Colleague: 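Below you'll find the structure I mean.
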Amino acid sequence: MADIKLEETWKFALEEEFDSAYMADLKKFLVAEKQAGKQIFPKGSEYFRALDLTPLDEVKVVILGQDPYHGAGQAHGLCFSVQPGVRMPPSLVNIYKEMQADLDIPPAKHGFLEHWAEQGVLLLNSVLTVEEGQAAAHQGKGWEKFTDAVIRTVNDECDGVVFILWGSYAQKKAAFVDQERHLVLKSAHPSPLSAHNGFLGSRPFSKTNEYLQSIGKDPVDWQLPDSV
């Protein structure tokens with residue numbers, strides 16, 4: 001546990017996970033993949049970037065993704081986000097389109113979402129690593145169990161969190177969230193394949209802020225800075 005570099009509130013809350021057999025197996029798998037010469041994204045220091053930027057006691061919103069982007073230079077540890085200078089993925093284009101329709105915020109010229117994470121928006125993928133060019137290559141290796149524990153920790157230890165669940169995968173993963181204590185917003189995924197089936201027009205950003213303000217929390221400033 002001592003060798004894990006992680007924000008302290010999460011490190012304490014997830015201590016049992018880091019000490020578990022499945023996490024030891026996951027670590028062995030990742031080491032073996034790297035030794036075999038495979039390129040893993042994101043880089044090791046960014047596996048837990050979502051947790052590092054959004055401490056447990058500051059979580060106001062959870063947005064769930066599935067896997068990191070598997071192209072070079074894209075993933076940096078936050079779901080739906082890409083590094084500065086990288087072309088925006090289609091799902092993020094649709095997220096920006098919905099944000100403009102919902103809040104009249106013009107689309108950012110970049111896809112770097114750390115501004116959201118720094119305000120308490122936990123941008124969590126279900127699987128935290130991927131092999132270059134091999135979508136979903138690290139599914140079923142243990143990350144899903146770890147991120148289930150992250151979601152359960154937020155559910156149990158926080159109050160009044162908004163869970164934004166886009167698509168059936170995210171909705172199944174967070175099905176246990178207590179809707180008496182938290183707000184759960186569900187819609188289709190922002191992917192071009194499904195965005196017109198209920199994502200566009202769902203107004204998640206204004207609904208999130210209305211709820212947060214109704215319970216005395218500061219709303220999220222969804223407008224991203226022009227430069228990063």
Side-chain angles (χ1 to χ4, degrees), residues 1-20 22-23 26 42 44-66 68 75-81 95 99 103 112-129 142-166 170-171 173-186 204-225 228:
M1 182 66 189
D3 63 343
I4 297 291
K5 292 179 180 175
L6 182 64
E7 191 279 328
E8 286 300 318
T9 60
W10 285 114
K11 191 171 182 178
F12 178 78
L14 299 170
E15 185 175 4
E16 287 186 15
E17 305 305 315
F18 284 112
D19 289 340
S20 68
Y22 83 85
M23 283 297 277
L26 174 58
S45 62
E46 294 178 333
Y47 289 177
F48 304 113
R49 185 71 174 151
L51 302 179
D52 285 333
L53 286 175
T54 312
L56 175 59
D57 55 357
E58 295 177 18
V59 175
K60 295 195 289 192
V61 181
V62 177
I63 298 178
L64 286 182
Q66 194 162 349
H76 64 106
L78 306 183
C79 70
F80 296 104
S81 181
I95 290 169
M99 194 161 62
L103 297 177
F112 191 63
L113 304 181
E114 287 200 354
H115 177 63
W116 294 358
E118 289 164 351
Q119 298 177 76
V121 181
L122 181 62
L123 295 165
L124 183 70
N125 274 318
S126 176
V127 177
L128 300 188
T129 58
W143 280 129
E144 292 94 338
K145 190 169 182 179
F146 176 78
T147 52
D148 282 350
V150 172
I151 299 166
R152 193 172 300 109
T153 299
V154 174
N155 179 65
D156 294 348
E157 299 194 17
C158 303
D159 286 305
V161 172
V162 182
F163 287 82
I164 300 177
L165 307 179
W166 291 327
Q171 290 162 23
K173 186 171 179 67
F176 61 83
V177 169
D178 183 354
Q179 297 188 47
E180 298 290 316
R181 293 176 59 184
H182 307 289
L183 175 66
V184 177
L185 299 177
K186 300 178 184 178
F205 308 102
S206 61
K207 289 176 181 176
T208 292
N209 280 352
E210 286 164 9
Y211 174 77
L212 291 173
Q213 289 176 293
S214 76
I215 59 172
K217 294 186 179 183
D218 291 332
V220 175
D221 172 19
W222 295 104
Q223 185 154 7
L224 295 161
V228 290

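Predicted, not measured: the structure shown is a model, and the values here were computed from it.
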Colleague: Restricting to salt bridge (charged side-chain N to carboxylate O under 4.0 Å, His left out), what partner residues turn up for Glu46, sequence neighbours left out?
Modeller: none
Colleague: So, do Leu122 and Leu51 sit near enough that their side-chain heavy atoms are less than 4.5 Å apart?
Modeller: yes
Colleague: Is there a side-chain contact between Pro204 and Trp166, using heavy atoms and a 4.5 Å cut-off?
Modeller: yes
Colleague: Please identify each residue that fulfils ring-ring contact (aromatic ring centres under 6.0 Å, His included) with His182, with sequence neighbours left out.
Modeller: Phe163
Colleague: Checking Lys207 now: which residues fulfil side-chain contact (heavy atoms from CB on, under 4.5 Å) with it, not counting sequence neighbours?
Modeller: Leu185, Arg203
Colleague: I want to check something: taking the side chain as every heavy atom from C-beta on, are Ser206 and Glu210 in contact at a cut-off of under 4.5 Å?
Modeller: yes
Colleague: Determine which pairs satisfy side-chain hydrogen bond (donor to acceptor under 3.5 Å, both in side chains) with at least one residue from residues 146-158, sequence neighbours left out, and list them in order.
Modeller: Thr147-Lys173, Asp148-Lys173
Colleague: If I take atom CD from residue Glu118 and atom CG from residue Leu53, how far apart are they, to the nearest 0.5 angstrom?
Modeller: 6.0 Å
Colleague: Going by the rule side chain to side chain donor-acceptor pair (under 3.5 Å), which residues pair with Gln171 if we only count those two or more places apart in sequence or in a different chain?
Modeller: none
Colleague: Donor-acceptor pairs under 3.5 Å, side chain of residues 58-65 to any protein atom, not counting sequence neighbours: which ones?
Modeller:
unit_1: Lys60; atom_1: NZ; unit_2: Asp218; atom_2: O; d: 2.8

Colleague: Within this structure, what is the CD-OG1 distance for the pair Gln213 and Thr208, rounded to the nearest 0.5 Å?
Modeller: 11.0 Å
Colleague: Once side chain to side chain donor-acceptor pair (under 3.5 Å) is applied, do any residues pair with Tyr211, and if so which ones, sequence neighbours excluded?
Modeller: none
Colleague: What about the rings of Phe12 and Phe18, do their centers lie closer together than 6.0 Å?
Modeller: no
Colleague: Are Ser45 and Lys5 side-chain neighbours, meaning at least one heavy-atom pair lies under 4.5 Å?
Modeller: no
Colleague: Suppose we screen for side chain to side chain donor-acceptor pair (under 3.5 Å). Which residues come up paired with Trp143, at least two apart in sequence or across chains?
Modeller: Thr129
Colleague: Can you tell me how far CG of Asp159 sits from NZ of Lys217, rounded to the nearest 0.5 angstrom?
Modeller: 7.0 Å
Colleague: Taking the six-membered ring for Trp and the single ring otherwise, decide whether the centroids of Phe146 and Tyr22 are under 6.0 Å apart.
Modeller: no
Colleague: Is it true that a side-chain atom of Asn209 and a backbone atom of Val220 form a donor plus acceptor pair closer than 3.5 Å?
Modeller: yes
Colleague: Please identify each residue that fulfils side chain to side chain donor-acceptor pair (under 3.5 Å) with Glu7, with sequence neighbours left out.
Modeller: Thr9
Colleague: Taking the six-membered ring for Trp, is the centroid-to-centroid distance between Phe48 and Trp10 below 6.0 Å?
Modeller: no
Colleague: What pairs with Tyr47 under ring-ring contact (aromatic ring centres under 6.0 Å, His included), at least two apart in sequence or on another chain?
Modeller: none
Colleague: Considering all heavy atoms of both residues, which atom of Pro219 and which atom of Gln119 are nearest to each other, and what is their separation?
Modeller: O-OE1, 4.4 Å
Colleague: Any carboxylate oxygen within less than 4.0 angstrom of a Lys/Arg side-chain nitrogen, looking at Glu114 and Arg49?
Modeller: yes
Colleague: Would you name the heavy atoms of Ser81 and Leu113 that are closest together and state the gap between them?
Modeller: OG-N, 2.9 Å
Colleague: Any side-chain heavy atom of Phe80 sitting closer than 4.5 Å to one from Ile95?
Modeller: yes
Colleague: Excluding sequence neighbours, so at least two apart, what forms ring-ring contact (aromatic ring centres under 6.0 Å, His included) with Trp222?
Modeller: Trp116, Phe205
